[in-house]
Amino acid sequence: MRGRILDLVKAAQIPQRLTSQGRRLTRQRVIVAEALAAARRALSAQELYERIKPSHPTLGRATVYRALEAQVQDGMASRFEREGHVSAYVACDAEHHHHLVCTRCQRVDDVDETVIAPLLSSVGRKHDFQVDHAALDFYGLCRSCRRKR
């Protein structure tokens, strides 16, 4: 079953997820995490900063960048590369690591593990390799963006 990646992120879980890796809970980290989860698509750090700035004018751009990188390190967000080597971020579940990324609207969907499992088994058999972790991102156009073309 293919689901919206951001449906997994609930606002009530954010403080617990922020502290689960031993980080100190700060108002700034909560603001950034909530804004990213609410975005429901991949955003660059600059885009997220611009969304946050009107309601939190004292929150600095560097704070947004640091908070996003901490979320990536802690498995709360994934980083994707956009054209021009610009990083974009999306809130996600720490357990899931396979995504479909629309290069036009920046929508990000999960790829179900049952789709990826045969590929991982095949890689293991063909290369005599035990895969412990995999992170796959597929870039292209979502159904909605394909219809608009």
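All heavy atoms count here, side chains included; hydrogens, waters and symmetry mates do not. Everything numeric here is computed off the predicted structure, so don't read it as measured data. Each residue takes its place number in the sequence, starting with 1.
Tyr49 and Val72 fall within a single hydrophobic cluster, where Ile, Leu, Val, Met, Phe, Trp and Tyr are joined by side-chain heavy atoms under 4.5 Å apart, directly or via other members. Side-chain heavy atoms closer than 4.5 Å link hydrophobic residues (I, L, V, M, F, W, Y) into clusters, and following such links, possibly through other members, connects Phe138 to Val115. In terms of hydrophobic clustering, with Ile, Leu, Val, Met, Phe, Trp and Tyr side chains grouped at heavy-atom distances under 4.5 Å, Val30 and Met76 are assigned to a common cluster. Residues Tyr65 and Leu36 are members of separate hydrophobic clusters, defined by side-chain heavy-atom contacts under 4.5 angstrom among Ile, Leu, Val, Met, Phe, Trp and Tyr.
The side-chain heavy atoms of Arg61 and Gln46, taken from C-beta on, include a pair separated by under 4.5 Å. Using a 4.5 Å heavy-atom cutoff, the side chains of Gln71 and Val32 are in contact. You'll find the side chain of His99 stays beyond 4.5 Å of the side chain of Asp109, heavy atoms only. In this structure, the side chains of Arg27 and His56 come closer than 4.5 Å at one or more pairs of heavy atoms. In this structure, Arg29 and Arg24 have side chains that are in contact, with non-hydrogen atoms separated by less than 4.5 Å. For the pair Cys142/Cys105, a side-chain contact is recorded, criterion being any heavy-atom separation below 4.5 Å from C-beta on. Two residues are said to be in side-chain contact when any heavy atoms from C-beta on lie closer than 4.5 Å; Leu136 and Leu119 meet this criterion.
Remark: Arg107 CZ to Ser144 OG distance equals 8.0 Å, nearest 0.5 Å. The distance from the CD1 atom of Ile14 to the CD1 atom of Ile31 is 11.5 Å, given to the nearest 0.5 Å. For the atom pair CD of Gln28 and OG1 of Thr58, the computed distance is 7.5 Å after rounding to the nearest 0.5 Å.
Here the side chain of Asp112 pairs a donor or acceptor atom with the backbone of Thr114 at under 3.5 angstrom. Without hydrogens or angle criteria, Ser121 side chain to Ala117 main chain gives a donor-acceptor distance under 3.5 Å. A donor-acceptor pair is defined here as one N or O able to donate and one able to accept, closer than 3.5 Å; such a pair exists between the side chain of Thr103 and the backbone of Gly140. Between the Ser20 side chain and the Arg17 main chain, a donor and an acceptor come within less than 3.5 Å of each other. The backbone N or O of Leu18 lies less than 3.5 Å from no partner atom in the side chain of Arg23, so there is not a single donor-acceptor pair.
Atom CZ of Phe129 sits in a sparse spot, with 12 or fewer heavy atoms from other residues, nucleotides or ligands closer than 6.0 Å.
Applying the ring pair (Phe, Tyr, Trp, His ring centres under 6.0 Å) criterion to His127, with sequence neighbours excluded, gives no partner residue.
For the residue pair Ala134 and Leu120, the shortest heavy atom distance occurs at CB-CD2, 3.8 Å. Counting all heavy atoms, side chain and backbone alike, Val86 lies closest to Ser44 at CG1-CB, 4.1 Å. For the residue pair Ala45 and Val64, the shortest heavy atom distance occurs at O-CG1, 3.8 Å. Closest of all the heavy-atom pairs between Phe80 and Ala42 is CD1-CB, 4.5 Å.
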**Q.** Audit row: Gln73, Gln21, side-chain contact (heavy atoms from CB on, under 4.5 Å) steps and yes/no
**A.** CA-CA 9 Å; Gln73 291 171 5; Gln21 300 296 315; over 6 Å; no
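Counting only residues at least two apart or on different chains, the side chain to side chain donor-acceptor pair (under 3.5 Å) pairs with a member in residues 80-91 are Glu47-Arg82, Glu69-Tyr89, Glu81-His85, Arg82-Gln106.
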